[in-house]
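Heads up, the thing below is written out as structure tokens.
So you know, we letter chains A, B, ... as the sequences are listed, proteins then strands, and number each from 1. Since the structure is predicted, the reported quantities are computational estimates derived from the model, not experimental observations. For the numbers below, each heavy atom of this structure counts, side chains included, while hydrogens, waters and symmetry mates do not.
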Amino acid sequence: MKRTHTCGILTENSIDETVRLTGWVNSRRDLGGVIFIDIRDREGVTQLVINPENNAELDDACRPIREEWVISATGVVRPRPQDMINHNIKTGAIEVAVTELHVDNSCKPMPYHFNDSQVSEDLRLKYRYLEMRRTNLGHHLRLRHKISKVLRDYFDRQGFIEVETPILSKSTPEGARDYLVPSRVFPGKFFALPQAPQQYKQILMVGGVERYFQIARCFRDEDLRADRQPEFTQVDIEMSFVEQDDLFEIVEGLFVDVMRAVKDIEISTPFPRLTYKEAMSRFGSDKPDTRFEMHLCDLSGVLNGSEFKVFENALSAGGVVMAINARGTAEIASRKKLDAWTDTVKLMDAHGLVWVKIDEHNEIKSPAKKFLSESELNAIISAVNAQTGDVILIVADQFSVATQALGRLRLEIAHSQNLIPENQYNFLWVHDFPLFDHDSENDSYIPIHHPFTSPREDDIELLSTDPGSARAQAYDVVLNGVEVGGGSIRIHDAALQKRIFDLLNISDADAGALFGHLLEALSFGAPPHGGLALGFDRLVMLLTGASSIRDVIAFPKTTRSSCLLTDSPSCVDAAQLDELKIDIRPGTEM
RNA sequence: GGGGUUGUAGCGCAAUUGGUUAGAGCACCACACUGUCACUGUGGAGGUUGCGGGUUCGAGUCCCGUCAACCCCGCCA
């Protein structure tokens, strides 16, 4: 017989009804003459009461029951005595007096306890099904589903169609390391799993699809982080006949719907827009967290001509002197703490950290004090608007090093000082990314985004004069300091595309072999188009408040890309390798 | 590839700066208990201290190596 109710729904409205519940034993309290069992399903928990004395069959049935056994119970809903009401659960006012109990399945002793919040992650990965049965992961998966439904509904309303693109795809040397799949039919040849459906979605535009989206699985064989998995999900979007602003509008509308559905929050649009340069200068990051201030301040101007070697050297080498004001940290800025902050900026390749502390007696303390004139010190203090109790933290270095080091320090201090408000969702766009990064080792250019990214029209002439300063029609969408998506307007003109390939030192022959299919497609009347991909897992992570991407993925991998649940990757049968004509080098197996 | 943290019972932890037989709690097993909700009480069982080597009269503790999980840098068009 099926259940009549779930375990989270019964209230005083159902008193005297005969019900049947099924679920797992959350806990069991055997008081001898009376036994309480909390039965749990995904909707909640209900207390069962068993008085076995006048029912030997019931007595036998419930005696061996332990945690996480699966049971079905039939009984009558009755109110609990007034002083026995449990206000911690929705069903706390009632209980079910059991008349019939059936054990559907037993359960081995649990490897860890469900109310243990400190369980090691190894176990949570190995016993993933138990982790889902606990509340958190299960809730995260339900929220994840809800968000994907909101996405699909939104895109459908906006005239997008979802198209699946191949998983067995073509390897290209650009970008991340590919996961390879050997071809049996073509021995020695390989498919690659897609890092993103990039080329397919552009080809869909040439195919006249006009508005495409896909909740797409992507694969990158790179080292992992708390917010990176080797296989992850992108919300992939591409549109024809649009410009950057049109895409921004579509994505902003999407987030309005998502935030309304998931958080019941009305976010305002349009999102703030920062150029890449502004983001780096003010926040030391291309994904600024604007939930707190502590902006970076450029002291290069006021310190121009300083005789302090640290500043002088940086400035004369074309660098900058940047600072942040760690407000109110003078008291905690011990020698040890300042050393730790110095380590942080050194980690980001800065040479060191100069600090200026204004202590509670308004006395200025700094290892650089004797090298700086009074007017320089005052200029620094007024530039960052420092007051009693503040600590000014200064890095003198090349622009990218100084800004990134301070950007990182800014986040570290904000976290440790609890400067970041909860339940605030700051979306913003970062745009005008550089088109290329210059690789000084090989004196060559590398695309910041990908080689199909269109330059800004007003920067096209820079391609021949100064490609390094050309800006791209590329943009990221950032939520609370996390890059949740990025994209670009693509090149739809074969001649411009060839010019870019030339700059990237990709020969016609190579371009043909690697991207010939795309180039040919572009030459058959490709519409202007552009798009963006959202990191779906990261988005769900932010909206659930999870601290790792693993907590919103049903079956995630470890930081070494292994799966503790299935124990993969694993060795394969010699016959399988033989079919693929693959030999494993001796001594390689572990 | 590099840096760091952790590894003791099924779980989360303790073990006097190298010293007797590695402990208590939860879980497990048994018994008792009619209003609990992390039930309680009594008793029991449970250990290759991740693995391998070394120093020492003696190693959970010190040293070297290794494995695993996690965090960060590089990497992630």
Just jot down the ring-ring contact (aromatic ring centres under 6.0 Å, His included) partners of A:H438, sequence neighbours excluded, or say none. A:Y445

For A:S548, give me all partners under side chain to side chain contact (heavy atoms under 4.5 Å, CB included), at least two apart in sequence or on another chain. A:R550, A:D551

Using a strict 4.0 Å threshold on nitrogen-to-oxygen distance, state whether A:E131 and A:R128 make a salt bridge. no

Determine whether a donor-acceptor pair (one donor, one acceptor, N or O, separation below 3.5 Å) exists between the side chain of A:R228 and the base of B:C76. yes

Could you list the residues that satisfy ring-ring contact (aromatic ring centres under 6.0 Å, His included) with A:Y212, not counting sequence neighbours? none

Can you run down the side chain to side chain donor-acceptor pair (under 3.5 Å) pairs that involve residues 60-72 of chain A, sequence neighbours left out, and say none if there aren't any? A:D30-A:R63, A:R40-A:E68, A:D59-A:R63, A:E67-A:H113, A:E68-A:R133, A:S72-A:D104

For A:R550, report the nucleic acid contact type (base, sugar-phosphate, nothing); a contact means any heavy atom under 4.0 Å. sugar-phosphate

Using a 4.0 Å cut-off on protein heavy atoms (strictly under), produce a 5'-to-3' string for nucleotides 32-39 of chain B with B for base contact, S for backbone-only sugar-phosphate contact, and - for none. -BBBBB-B

Indicate every side-chain donor-acceptor pair of residues 483-495 of chain A with a distance under 3.5 Å to a residue at least two apart or in another chain.
unit_1, atom_1, unit_2, atom_2, d
A:S488, OG, A:R490, NH1, 2.7
A:R490, NE, A:E238, OE1, 3.3
A:R490, NE, A:E238, OE2, 2.9
A:R490, NE, A:S488, O, 3.4
A:R490, NH1, A:H450, NE2, 3.3
A:R490, NH1, A:S488, O, 3.4
A:R490, NH2, A:E238, OE1, 2.7
A:D493, OD2, A:A495, N, 3.4
A:D493, OD2, A:L496, N, 2.8

Reading nucleotides 1-10 of chain B 5' to 3', which nucleotides get B (base under 4.0 Å from a protein heavy atom), which S (sugar-phosphate only), which -? B--------S

At 4.0 Å (heavy atoms only), tell me whether A:S120 reaches a base, stays on the sugar-phosphate, or touches nothing. sugar-phosphate

CG of A:D349 versus P of B:C72: gap in Å, rounded? 17 Å

Result block: side-chain N/O donor-acceptor pairs under 3.5 angstrom for residues 507-517 of chain A, not counting sequence neighbours:
unit_1, atom_1, unit_2, atom_2, d
A:S507, OG, A:D510, N, 3.0
A:D508, OD1, A:K498, NZ, 3.2
A:H517, NE2, A:Q199, OE1, 2.6

Looking at every strand, decide which applies to A:S562 at a 4.0 Å heavy-atom threshold: base, sugar-phosphate, or nothing. sugar-phosphate

In chain order, what residues pass the ring-ring contact (aromatic ring centres under 6.0 Å, His included) check against A:F213, with sequence neighbours excluded? A:F155

Output the rounded distance in Å from CZ (A:R560) to C1' (B:A69). 10 Å

